[in-house]
Amino acid sequence: MSGRRKPAGREFWPAMAFLLPNMLGFLAFTAGPVLTSLGLSFTSWDLLTPSRWVGWSNFVNLLGFHATPQGWEANDPAFWKYLGNTFFLLLSLPVNMAGALGLALLLNRKLRFVHGYRLVFFLPSILSGVAIFTLWKFIYQPDYGLMNALLAKIGIQGPAWLTMPHMAKPALMLMGSWMTVGGTSMILYLAALQNVPAELLEAARIDGAGRWAQFRHVTWPSLAPVTFFIFTMGLIHGLQGGFDAAYVMTNGGPSGATTTLGYYLYLKAYTFFEMGYAAAIAWTMFLLVLGLTLLNWKRSERGLA
Amino acid sequence: MKRSSWKWAWHLPLVLASVTFLLPLAFMIATALAEPGEALKPVESISAMVVPRTWRWENFIEVWRIVPFLRYYVNSLVVAGAITVGQVFTSACAAYAFSRLQWPGRDRLFLAYLATMMVPGAVTMIPNFVVMRMLPEWLDQLLPFVQWGEPRFLGLREGAPMVGRLVGLDSYFTLIVPGMFSAYGTFLLRQFMLGLPREIDEAAKIDGCGYWRLFSGIILPLSLPGLATLTIFTFMGAWSSLLWPLVTTNSDALRTLPLGLQAFQGQYGTEWHLMMAAALLMLLPIVVIFLIGQKYFVQGLTVGSVKG
């Protein structure tokens with residue numbers, strides 16, 4: 001151990017040379033912009049006229065409330081609506097995780113065609129993107145789409161999924177489930193299931209634990225780190241996400257029902273050219289992600305200890 | 001007897017799930033092969049919707065004729081390809097420095113890298129967009145004679161195809177360069193290189209091997225599975241990227257496939273047979289790459305989740 005130790009710093013310059021390309025990009029496209037956008041969020045700027053320092057007013061306009069004769073009212077009701085949309089879409093996360101775990105449990109045994117099943121389940125998740133959103137827009141067409149044809153089979157008159165305000169979000173969530181249930185989280189659960197200690201399961205069986213008790217007291221606790229990881233990543237992605245699907249399928253509508261925070265930011269920055277305000281939205285999103293992740297972290301640490 | 005029937009019961013939910021996952025894709029393929037207008041007719045049976053009744057391969061050819069689909073396709077291949085090569089290279093170099101060289105502050109700097117993986121893309125997007133938009137103006141002040149913001153054409157004749165600007169909006173530079181660096185890629189390859197035996201470096205150094213030879217001749221070849229994983233992930237991400245090309249291109253000539261498909265939808269919104277054919281053509285490279293590199297793909301997914 002001590003024999004191979006080199007004096008610290010002897011490899012400093014070679015290391016810097018190897019780091020240089022990545023470091024330049026990191027400074028130019030990540031570190032620099034993070035600080036710049038923080039600065040921007042305190043300005044008002046439409047790209048054409050010089051930017052103006054406005055202090056906290058972007059954040060006050062975004063997050064603040066003012067008194068009216070009817071009571072307190074948000075300065076930017078649209079923000080709260082879109083924040084609500086973002087969280088509403090996140091409600092499918094636990095459902096998708098349960099589905100992923102269910103499929104992983106089904107696949108976690110010696111079985112014929114197991115590779116075939118895994119491939120089929122995984123396929124939708126790699127095919128995501130505009131092509132798949134276009135497909136689902138077609139599937140949700142009320143008169144000739146696949147979804148309503150299926151519903152008609154069981155005697156249900158299907159709705160106009162993407163043009164009714166209260167159906168558009170569930171439609172996007174259903175599509176999201178199709179894309180993610182057999183994807184990364186299922187693969188992660190499968191890998192983790194192989195690491196569940198067999199002796200523990202055996203011991204539980206000898207003690208007379210049934211299938212459910214084995215799962216509840218042995219398998220589920222040993223999956224906790226993976227569950228935590230999937231949940232946190234899902235939260236981070238979900239809070240930032242929703243733009244691509246809504247842009248292709250609904251344009252954020254009907255009447256803003258599928259506009260998420262990410263979409264709102266796009267609207268402010270690239271259709272209204274309110275760069276400072278958009279930067280304030282971005283930073284609010286960042287702090288939200290950070291806060292929820294840390295909270296989650298703390299809770300899980302307590303739970304695991 | 002009892003045992004085998006129980007086994008079949010186990011297959012039942014799996015088959016059901018498989019059908020659910022495959023049905024939309026079957027619908028897509030059947031529509032892409034349908035006659036014009038066929039997709040707009042209400043159909044009585046589900047099987048008529050998901051099993052091709054006609055095999056109209058011309059749909060796939062027509063797509064290339066009615067929009068500059070070839071241009072979109074080439075743009076996407078060039079952009080996603082260049083991003084992938086760039087990102088794998090810069091990540092591999094940085095991962096080498098972070099995993100196999102000893103220098104003060106190494107692990108602290110790596111932690112800082114990791115922390116930036118939490119920053120939403122939305123935070124960096126606006127400043128990056130602004131800088132890319134201003135870049136031609138700034139560079140013109142430095143080196144005016146280059147005319148950084150002028151559109152360039154392939155050949156001099158009238159109506160020659162545009163190859164975009166050198167920098168700025170509507171340029172390959174803007175589409176490619178910001179995507180060439182990744183903290184995630186560095187992380188992935190660092191984890192991989194940490195797993196290679198330390199003795200390799202010692203032996204190579206005794207043989208008088210320089211750092212670059214050691215890196216390119218020994219470490220990189222040994223890291224091939226890790227590099228393959230990153231290559232697949234990066235290419236797939238770049239191939240389906242929508243937002244950045246959307247905000248940094250205006251001209252049709254610089255559009256990538258996701259934008260092209262979206263424009264196609266705007267013009268031929270009800271020609272679903274063509275839309276589905278175009279969408280399938282867009283998915284083709286992804287499926288091919290996935291089938292070739294399936295093993296590496298799954299390997300990459302599990303890195304960093306459990307081991308941390």
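In what follows, chains carry the letters A, B, and so on, assigned in the order in which the sequence lines appear, proteins first and then strands, with residues in each chain numbered from 1. Note that the structure is predicted; figures quoted are calculated from it, not measured.
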Less than 4.5 Å to any heavy atom of chain B: does that hold for the side chain of [X], its backbone, both, or neither?
X: Ala269(A); answer: side chain
X: Ile139(A); answer: both
X: Phe243(A); answer: side chain
X: Leu135(A); answer: both
X: Tyr270(A); answer: side chain
X: Ala31(A); answer: neither
X: Leu47(A); answer: both
X: Leu123(A); answer: side chain
X: Pro124(A); answer: side chain
X: Met16(A); answer: side chain

Chain B interface, residue from [options] that has the most non-hydrogen pairs under 4.5 Å:
options: Tyr247(A), Trp178(A), Phe138(A); answer: Phe138(A)
options: Val289(A), Asn148(A), Ile126(A), Thr36(A); answer: Ile126(A)
options: Ala191(A), Pro33(A), Pro14(A); answer: Pro33(A)
options: Tyr266(A), Phe122(A), Phe133(A); answer: Phe122(A)

> What residues, two or more places apart in sequence or in another chain, satisfy ring-ring contact (aromatic ring centres under 6.0 Å, His included) together with Tyr264(A)?
Replying inline: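 Scan of Tyr264(A) (ring-ring contact (aromatic ring centres under 6.0 Å, His included), adjacent residues dropped) gives Tyr82(A).
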
Portion of [X] that has a non-hydrogen atom of chain A nearer than 4.5 angstrom:
X: Leu109(B); value: side chain
X: Val130(B); value: side chain
X: Ser241(B); value: neither
X: Arg133(B); value: side chain

> If we only count heavy atoms from C-beta on, is the Met285(A) to Leu288(A) side-chain gap below 4.5 Å?
Replying inline: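 The answer is no; the side chains never approach within 4.5 Å.
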
> Going by atom types only, do Thr186(B) and Asn22(A) share a side-chain donor-acceptor pair under 3.5 Å?
Replying inline: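 Yes, side-chain donor-acceptor contact under 3.5 Å.
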
>> Testing the 3.5 Å rule here: is there a donor-acceptor pair between the side chains of Glu11(A) and Tyr211(B)?
In response: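 On atom types as modelled, these side chains qualify, holding a pair under 3.5 Å.
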
> In chain order, what residues pass the side chain to side chain contact (heavy atoms under 4.5 Å, CB included) check against Met118(B), with sequence neighbours excluded?
Replying inline: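 Partners of Met118(B) under the side chain to side chain contact (heavy atoms under 4.5 Å, CB included) test: Ile236(A), Leu290(A), Thr293(A).
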
